[in-house]
Amino acid sequence: MERPVITIAELPDHEGRDVTIRGWVYNWRKKGKIRFVILRDGFGYLQCVVFRPEVDETVWEAAVALTQESSVEITGTVVADERAPGGFELKVSGIVPVQVAPEYPLGKKEHGVDFLLNHRHLWLRSRRQHAILRVRAELEQAIRDFFHSRRYTLIDSPILTPAACEGTSTLFETDYFGDRAYLSQSGQLYLEPAAAAFGKVYCFGPTFRAEKSKTRRHLTEFWMVEPEVAWLRFDGLLDLIEEFMTEIVSRVLDRCAEDLDRLERDISLLEPATRRPYPRMDYADAIAALAERGHPAEFGDDFGGDEETVLASLHDRPVMVTRYPAHIKAFYMQPDADDPTRALAVDVLAPEGYGEIIGGSERIDSHELLERRIAEHGLPREAFEWYLDVRRYGSFPHSGFGMGIERCTAWLCGIHHAREAIPYPRTINRLYP
RNA sequence: UCCGGAGUAGCUCAAUGGUAGAGCGGGUGGCUGUUAACCACUAGGUUGGGGGUUCAAGUCCCUCCUCCGGAGCCA
């Protein structure tokens with residue numbers, strides 16, 4: 001019979017048969033006349049056993065020459081064996097080295113953060129990074145499916161923009177044929193006109209913030225998904241967030257069990273987030289709750305990382321903090337009809353200290369009020385004429401939110417730092433590789 | 001930007017102001033079932049850069065650089 005070329009994921013369907021697998025040497029061990037080559041192919045790991053008395057001497061020599069991360073084509077018989085990680089191993093009959101790698105920089109033991117990040121392009125090959133980025137990929141697909149199945153239209157927002165969205169201090173500036181351009185820090189302003197065109201829209205892409213933040217929650221380039229919905233009011237927005245969060249968390253738990261297990265993630269800490277409702281906490285109540293627990297905060301303060309962690313720890317699932325003071329929130333947020341000093345804004349705080357993963361609000365739909373807010377915030381009116389047009393031609397109530405993919409991924413994976421939740425992290429001190 | 005911490009072998013780290021070491025990785029050899037295998041031997045250093053104190057500096061002082069953690073800001 002033909003020897004099929006298969007992936008390691010397909011092994012169980014080929015027990016007892018001869019197959020060929022292409023991959024990279026993850027590790028190897030030798031013991032006299034036996035060599036164990038641990039092969040990885042992106043779909044799994046496979047122990048390949050080379051027994052000198054049973055193979056051609058050329059095959060043995062090829063096995064001996066293999067180094068860590070050499071690329072190779074290995075042929076053999078799939079056998080079930082309890083001693084093999086994964087339950088199956090390959091009894092090798094042939095080895096075709098594709099490229100024998102020189103000494104590999106990443107060892108089997110610990111490395112420092114800087115070293116690993118300098119070798120991010122190789123670090124991706126490790127089991128842990130593999131698991132994290134598969135969770136990220138599943139999360140992203142879950143998000144797209146959530147919106148697509150509900151007839152949202154994907155609107156790709158521009159990366160190069162002429163003006164600040166929420167202020168100028170944290171923007172990356174670049175030359176644009178003699179003019180100034182900025183890298184987008186949110187697609188939201190471009191989504192609002194699109195919501196008038198399509199009703200329900202979302203964007204999903206990279207955003208850029210030139211903040212000199214050096215914490216485990218910050219990147220200068222991060223991915224954000226932002227839905228914007230026409231006719232949606234604040235309470236409906238909270239419902240949407242709940243529906244969204246429970247669905248995507250369920251999806252990841254359902255499909256990434258193996259990866260989360262590899263990451264030693266305590267699933268029981270995520271399961272409550274698959275169930276509605278999420279607690280909704282008024283900003284004023286949040287301030288009171290903080291004071292009770294020895295974290296005094298003035299009414300009007302925004303919360304720092306510690307405060308967020310305290311608030312999140314009050315519940316077993318993400319908590320929605322609502323109706324922040326208007327002056328600490330963005331200029332476009334709709335004031336609360338009952339108290340105009342407050343904005344119809346919501347932050348979703350993830351459990352376990354992962355911080356704010358979602359920020360959202362109802363948007364101002366009054367042309368006059370929006371005009372005033374732009375002036376109050378010292379923003380250049382002429383740059384926002386197109387944005388004001390949304391309120392000039394058929395204004396409508398609408399709401400939306402943004403979720404940071406890396407923070408959400410970090411939370412789901414239970415990893416310490418957001419930089420591991422993106423393939424090639426960009427931070428204040430890192431632009432390589 | 002501010003506060004704190006750290007820079008020693010390819011990597012992770014030791015080293016009272018007094019001869020710079022170990023583990024891993026590399027090389028050589030041994031072993032028929034290893035699970036980050038093990039055992040033996042072996043090569044490998046301008047102690048981040050510059051200046052200073054001292055008989056003597058990896059160690060103390062000054063300065064610069066790089067990185068890490070946190071604050072502010074934010075997803």
Side-chain angles (χ1 to χ4, degrees), chain A residues 26-38 45-54 64 67-69 79 81-87 89 91 101-119 122-123 126-128 165-171 185-188 204-226 301-308 328-330 346-350 354-360 401-411 416-419 421-422 427-430 432:
Chain A
Y26 183 73
N27 192 12
W28 57 269
R29 293 179 280 273
K30 57 173 183 158
K31 184 166 175 69
K33 296 188 173 69
I34 290 189
R35 288 183 91 90
F36 301 96
V37 176
I38 314 301
Y45 299 81
L46 171 63
Q47 172 162 287
C48 304
V49 185
V50 189
F51 187 37
R52 193 171 186 177
E54 294 181 359
V64 168
T67 56
Q68 189 183 0
E69 290 303 328
V79 293
D81 193 313
E82 282 180 1
R83 294 168 295 187
E89 64 182 20
K91 197 176 172 194
E103 187 183 341
Y104 191 62
L106 270 55
K108 287 181 263 184
K109 294 215 171 175
E110 295 147 29
H111 292 291
V113 170
D114 192 43
F115 179 82
L116 286 171
L117 288 172
N118 278 327
H119 296 83
L122 302 177
W123 192 20
S126 79
R127 290 174 125 118
R128 176 183 160 86
C165 171
E166 302 181 19
T168 52
S169 61
T170 63
L171 290 164
Q185 55 179 356
S186 165
Q188 183 207 315
F204 196 169
T207 52
F208 308 87
R209 308 242 171 127
E211 292 156 5
K212 296 188 174 178
S213 302
K214 288 189 285 187
T215 81
R216 64 200 192 95
R217 301 187 307 280
H218 286 87
L219 301 167
T220 54
E221 177 180 310
F222 66 96
W223 283 62
M224 191 153 65
V225 58
E226 297 173 277
D301 288 351
D302 208 347
F303 303 127
D306 287 349
E307 284 80 23
E308 289 180 354
I328 58 172
K329 287 293 179 184
V346 56
D347 281 356
V348 177
L349 308 179
Y354 285 93
E356 181 187 345
I357 54 172
I358 284 180
F401 68 86
M403 185 181 80
I405 299 304
E406 290 75 18
R407 283 191 187 175
C408 189
T409 302
W411 166 54
H416 181 255
H417 205 297
R419 66 185 162 218
I422 187 168
T427 61
I428 179 170
N429 288 320
R430 179 160 301 279
Y432 176 94

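Within every chain, numbering begins at 1; the chains are lettered A, B, ... in the order of the sequence lines, protein sequences first and strands thereafter.
- When each of B:U1, B:U12, B:A75 is scored by its nearest atom to the side-chain atoms of A:Arg407, the top-ranked nucleotide is B:A75.
- The residue A:Arg35 sits apart from the nucleic acid: no heavy atom pair falls under 4.0 Å.
- Contact of A:His218 with B:C74 (side chain to base): a donor-acceptor pair of N or O atoms is detected under 3.5 Å.
- Taking 3.5 Å as the limit, the base of B:C73 and the side chain of A:Ser213 contain a donor-acceptor pair of atoms between them.
- Residues A:Arg407 and A:Thr409 form no side-chain contact, since every pair of their non-hydrogen atoms from C-beta on lies 4.5 Å or further apart.
- Neither OP1 nor OP2 of B:G70 sits under 4.0 Å from any side-chain N or O of A:Lys214.
- Here B:C74 is the nucleotide among B:A75, B:C74, B:U12 with the atom lying nearest to any side-chain atom of A:Asp302.
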- request: Sugar-phosphate atoms are those with a prime plus P, OP1 and OP2; base atoms are the rest. Using that split, label each nucleotide of nucleotides 22-29 of chain B B, S or - for protein heavy atoms under 4.0 Å, 5' to 3'.
  value: -SSSS---
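- Counting non-hydrogen atoms under 4.0 angstrom, A:Glu89 reaches a base of the nucleic acid.
- Phosphate proximity of B:G69 to A:His417: present, with a side-chain N or O under 4.0 Å from OP1 or OP2.
- Between A:Pro105 and A:Leu122 the shortest side-chain heavy-atom distance falls below 4.5 Å.
- Considering only side-chain N and O atoms, A:Arg419 lies under 4.0 angstrom from the phosphate OP1 or OP2 of B:G69.
- Phosphate proximity of B:U66 to A:Asn429: absent, as no side-chain N or O sits under 4.0 Å from OP1 or OP2.
- Comparing the C1' positions of B:U42 and B:A6 gives a spacing of 32 Å, expressed to the nearest Å.
- Among the heavy atoms of the strands lying under 4.0 Å from A:Gly112 are primed sugar atoms or P, OP1, OP2 only; no base atom is included.
- Regarding contacts with the backbone of B:U1, a side-chain N or O of A:Lys212 is found under 4.0 angstrom from either OP1 or OP2.
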